[in-house]
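Before any comments, here is the structure.
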Amino acid sequence: MIARTEAPETVFTLLRQRYRWKRGVFQAFDNNAFRLITAPSLRGSAIAGFLALESFILDIVNFGITLFFLAYFLRFGEIHLLITWYVVLGLLDFITLIFVCKERGSVAYYFLLMVVQRFSYSYLLQAWAVLSLFDEWRSSKMSWDKLDRLGRLRPGGGA
């Protein structure tokens with residue numbers, strides 16, 4: 001079976017999509033957390049815990065750590081904590097890259113993408129997740145505007 005989908009073509013439409021997705025996860029958690037936590041089996045509590053960890057806690061912690069290291073660097077001019085943090089993140093990214101790319105070859109290309117992702121995309125998504133959580137907490141209005149469908153396919157018939 002082949003499923004075709006369209007991905008956002010601009011950063012703004014990608015961020016709109018991720019904002020909707022994050023708000024949807026927060027709303028689903030809000031609507032179902034009590035039921036999951038009070039479920040008679042441990043499974044519901046485990047699901048609620050994982051959802052909270054993956055959707056709220058890690059986003060907030062990652063964003064907070066990033067802000068802390070940047071503020072520390074700007075305030076004290078010491079860069080050793082920031083470098084240590086990036087070395088640890090870089091090692092984790094590189095280990096993941098090796099596992100993912102061991103059969104694909106072209107590790108250099110994916111390494112370059114990994115570096116770009118680490119210093120741009122990941123921070124954009126962290127900030128966007130915190131913004132969507134804040135907006136959900138404030139109960140601000142939200143539009144479920146969907147991605148504009150352009151009907152473009154990549155050469156070779158893939159979506």
Side-chain angles (χ1 to χ4, degrees), residues 1-75 81-82 84-101 110 113-154 158-159:
M1 178 182 285
I2 297 174
R4 298 182 194 273
T5 186
E6 288 187 53
E9 292 189 357
T10 67
V11 172
F12 180 71
T13 55
L14 174 70
L15 290 176
R16 276 186 17 221
Q17 177 193 62
R18 300 309 162 120
Y19 178 86
R20 285 192 317 272
W21 288 3
K22 275 294 185 182
R23 289 278 306 260
V25 168
F26 299 148
Q27 291 168 6
F29 184 81
D30 186 40
N31 291 337
N32 298 295
F34 182 75
R35 195 171 342 166
L36 286 170
I37 292 169
T38 59
S41 72
L42 184 60
R43 182 177 174 209
S45 295
I47 291 170
F50 176 78
L51 190 57
L53 179 69
E54 193 272 331
S55 299
F56 307 111
I57 298 168
L58 288 178
D59 284 335
I60 292 169
V61 168
N62 285 334
F63 191 69
I65 287 172
T66 300
L67 289 179
F68 170 78
F69 284 137
L70 285 174
Y72 187 86
F73 168 68
L74 292 173
R75 171 70 173 97
L81 279 176
L82 195 58
T84 302
W85 177 244
Y86 278 110
V87 166
V88 169
L89 290 178
L91 285 173
L92 291 172
D93 287 344
F94 190 70
I95 290 168
T96 304
L97 177 75
I98 296 302
F99 280 114
V100 170
C101 292
Y110 290 108
L113 287 179
M114 178 190 76
V115 171
V116 169
Q117 182 272 342
R118 170 56 53 207
F119 290 101
S120 59
Y121 181 69
S122 64
Y123 293 123
L124 251 159
L125 287 185
Q126 284 177 17
W128 219 243
V130 170
L131 174 68
S132 63
L133 177 60
F134 182 70
D135 282 351
E136 188 61 30
W137 176 69
R138 291 182 326 136
S139 298
S140 65
K141 281 192 162 192
M142 179 183 164
S143 168
W144 285 98
D145 60 329
K146 295 192 298 186
L147 178 68
D148 296 328
R149 303 292 179 204
L150 302 174
R152 297 185 186 155
L153 294 177
R154 288 192 298 177

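Values in this document were obtained by computation on a predicted structure and should not be read as measured data. Keep in mind that the numbers below use all heavy atoms, side chains included, and drop hydrogens, waters and symmetry copies.
- Of the inter-residue distances, the one linking Met114 atom CE with Leu97 atom CG reads 5.5 Å to the nearest 0.5 angstrom.
- Residues Arg23 and Ser140 come closest through the heavy atom pair NH2-O, 2.9 Å.
- Partners of Thr38 by side chain to side chain donor-acceptor pair (under 3.5 Å), not counting sequence neighbours: none found.
- Between Ser132 and Phe26 the shortest heavy-atom distance is OG-CE1, 3.4 Å.
- Contact check for Ile65 versus Trp85: side-chain heavy atoms found under the 4.5 Å cut-off.
- When the side chain to side chain donor-acceptor pair (under 3.5 Å) test is applied to Gln27, the partners found at least two apart in sequence or on another chain are Glu136.
- In plain terms, the two heavy atoms of Glu9 and Thr13 that are nearest each other are N-OG1, 3.7 Å.
- Residues passing the salt bridge (Lys or Arg N to Asp or Glu O under 4.0 Å) test with Asp30, sequence neighbours excluded: none.
- Residues Phe63 and Ile60 have side chains not in contact (no heavy-atom distance under 4.5 Å, counting atoms from C-beta outward).
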If you look only at distance, which donor and acceptor atoms sit under 3.5 Å apart when one is on a side chain in residues 42-59 and the other is two or more places apart or in another chain?
| from | atom 1 | to | atom 2 | distance (Å) |
| --- | --- | --- | --- | --- |
| Ser45 | OG | Ile37 | O | 3.2 |
| Ser55 | OG | Leu51 | O | 3.0 |
| Asp59 | OD2 | Lys22 | NZ | 2.6 |

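- Around atom CZ of Phe94, no more than 12 heavy atoms belonging to other residues, nucleotides or ligands sit under 6.0 Å away.
- The distance from atom CG of Leu82 to atom OG1 of Thr66, rounded to the nearest 0.5 Å, is 9.0 Å.
- The shortest distance between side-chain heavy atoms of Phe119 and Tyr86 falls below 4.5 Å.
- In this structure, the separation between OG1 on Thr84 and CZ on Phe69 is 8.0 Å, given to the nearest 0.5 Å.
- Note that CG of Leu81 is 11.5 Å distant from CG of Leu70, once rounded to the nearest 0.5 Å.
- Annotation: side chain to side chain donor-acceptor pair (under 3.5 Å) contacts of Arg138 (sequence neighbours excluded): Asp135.
- Residues satisfying the salt bridge (Lys or Arg N to Asp or Glu O under 4.0 Å) test with Arg118, not counting sequence neighbours, are Asp93.
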